[in-house]
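Worksheet: the structure to be examined is printed underneath.
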Amino acid sequence: MTLADGRYGLGPSNGRLLIKTGRAGLGRKAGHDLTIEVTRWSGEAVIAAGDPGRSWVNVTVEADSLEVREGTGGLKPLTDTDRAEIKRILEDRALLDAAEHPVITFRSTGIAGTAQSFEITGELTIKDRTHPVTVHGKGNGDGLVRGWATVTQSTWGIKPYTAFLGALRLADDVQVEFDVARLEPADRPGY
């Protein structure tokens, strides 16, 4: 099966959007590397395989929909109380400020490559700050698409979380990964 040109819907029904953090500082052994899932997000992609320059993708994330799925490393296992505290910290004013800035958006500005290996350049907006990001991706031609981008938190005015007087801190760079199991034709009116 070959992926057909068209407009496709994206979201939790057909894909996953993950944020992976790392640790830094002298106390990094005490903390966890986190896998955080975005549970409420939506997007659409237009694919023009013969002319990738006419393709585009837009994604909107609800900033308060981040849930800790896994914590590896650390001196002790991650508890449900830890997960709830991390969620509170993520939504807090110092990090994502989800109450004041409820959505995070990505809008492509260019796509190059093939369906099997591509790069999407675009603008990521977090907390009303917009900066360029490059997404690297691969597809299998049957609708399975995977990719990643590195996001440097401080570029968007996010101070990476610290504890123990700064001895433990999250690395400034986080990895955003996506995995779309199948592309679903957009069936909303007007398409």
Side-chain angles (χ1 to χ4, degrees), residues 9-43 57 59-106 120 122 124-131 133-138 140 144-182:
L10 306 170
S13 67
N14 65 339
R16 291 184 82 191
L17 187 56
L18 302 174
I19 302 164
K20 296 192 174 183
T21 70
R23 298 163 282 165
L26 296 173
R28 66 182 165 267
K29 289 183 180 180
H32 298 90
D33 292 327
L34 301 175
T35 299
I36 300 166
E37 184 172 8
V38 179
T39 61
R40 293 188 315 276
W41 62 282
S42 63
V57 63
V59 174
T60 300
V61 166
E62 293 184 36
D64 66 351
S65 74
L66 280 61
E67 298 288 342
V68 177
R69 295 299 187 214
E70 183 180 25
T72 59
L75 297 177
K76 61 182 183 76
L78 203 59
T79 66
D80 288 342
T81 301
D82 295 332
R83 292 174 204 274
E85 178 64 9
I86 293 167
K87 181 172 178 56
R88 186 197 63 72
I89 290 168
L90 284 168
E91 294 174 11
D92 192 56
R93 186 175 186 93
L95 290 178
L96 294 178
D97 195 4
E100 184 70 25
H101 305 282
V103 296
I104 297 167
T105 60
F106 174 80
I120 304 170
L124 179 63
T125 302
I126 303 172
K127 293 173 65 171
D128 290 334
R129 293 181 185 197
T130 303
H131 295 282
V133 168
T134 300
V135 177
H136 309 274
K138 296 186 180 300
N140 70 357
L144 177 65
V145 182
R146 290 189 167 138
W148 61 272
T150 299
V151 174
T152 303
Q153 298 176 81
S154 59
T155 301
W156 283 267
I158 299 169
K159 182 179 178 190
Y161 175 77
T162 63
F164 307 121
L165 302 173
L168 168 65
R169 64 182 184 276
L170 282 184
D172 199 9
D173 287 348
V174 296
Q175 182 112 341
V176 179
E177 299 178 1
F178 68 90
D179 187 341
V180 176
R182 69 193 175 289

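Everything quoted here is computed from the prediction, not taken from an experiment.
- Qualifying salt bridge (Lys or Arg N to Asp or Glu O under 4.0 Å) partners for Arg40, counting only residues two or more places apart in sequence or in other chains: Glu62, Asp64.
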Considering only distance and modelled atom types, tabulate donor-acceptor pairs under 3.5 Å from the side chains of residues 145-158, sequence neighbours left out.
from	atom 1	to	atom 2	distance (Å)
Arg146	NE	Asp179	OD2	3.1
Arg146	NH2	Asp179	OD2	3.4
Thr152	OG1	Asp173	OD1	2.5
Gln153	NE2	Ala171	O	3.0
Gln153	NE2	Asp172	O	3.4
Ser154	OG	Asp172	OD1	3.4
Ser154	OG	Asp172	OD2	2.6
Thr155	OG1	Thr152	O	3.4
Trp156	NE1	Leu124	O	2.9
Trp156	NE1	Arg129	O	3.2

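- Closest approach of Glu70 to Arg83, counting heavy atoms only: N-NH1, 3.8 Å.
- Glu85 pairs in a side chain to side chain contact (heavy atoms under 4.5 Å, CB included) with only one of the listed residues (Thr81, Asp82, Ile89), which is Ile89.
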Ignoring hydrogens and angles, write down the donor-acceptor pairs under 3.5 Å from the side chains of residues 10-22, residues two or more places apart or on other chains.
from	atom 1	to	atom 2	distance (Å)
Asn14	OD1	Gly11	N	3.0
Asn14	ND2	Gly9	O	3.1
Asn14	ND2	Arg182	O	2.8
Arg16	NE	Glu37	OE2	3.3
Arg16	NH2	Glu37	OE1	3.1
Lys20	NZ	Glu177	OE1	3.4
Thr21	OG1	Leu34	N	3.1

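- The main-chain N or O of Ile104 is never found under 3.5 Å from a side-chain atom of Thr125 such that the two would form a donor-acceptor pair.
- Side-chain contact between Trp41 and Val59 is present, with at least one heavy-atom pair separated by less than 4.5 Å.
- Annotation: side chain of Val135 is in contact with side chain of Phe106 (closest heavy-atom distance under 4.5 Å).
- When every heavy atom of His101 is checked against every heavy atom of Asp128, the shortest pair comes out as CE1-OD2, 3.2 Å.
- The minimum heavy-atom distance between Ala63 and Glu91, with the atom names listed, is O-CG, 4.4 Å.
- In this structure the side chain of Thr105 never reaches within 4.5 angstrom of the side chain of Thr130, judged on heavy atoms.
- The heavy-atom pair separating Asp97 from Lys127 by the smallest distance is CB-CE, 4.3 Å.
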Discussion item. If you apply the rule side chain to side chain contact (heavy atoms under 4.5 Å, CB included), what do you find for Leu66 with Leu96, and how did you get there?
Written reply: CA-CA 10 Å; Leu66 280 61; Leu96 294 178; 3.9 Å; yes
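- Looking only at distances, no side-chain donor or acceptor of Lys87 sits under 3.5 Å from a matching main-chain atom of Val68.
- The shortest side-chain heavy-atom distance between Val61 and Val103 does not fall under the 4.5 Å cut-off.
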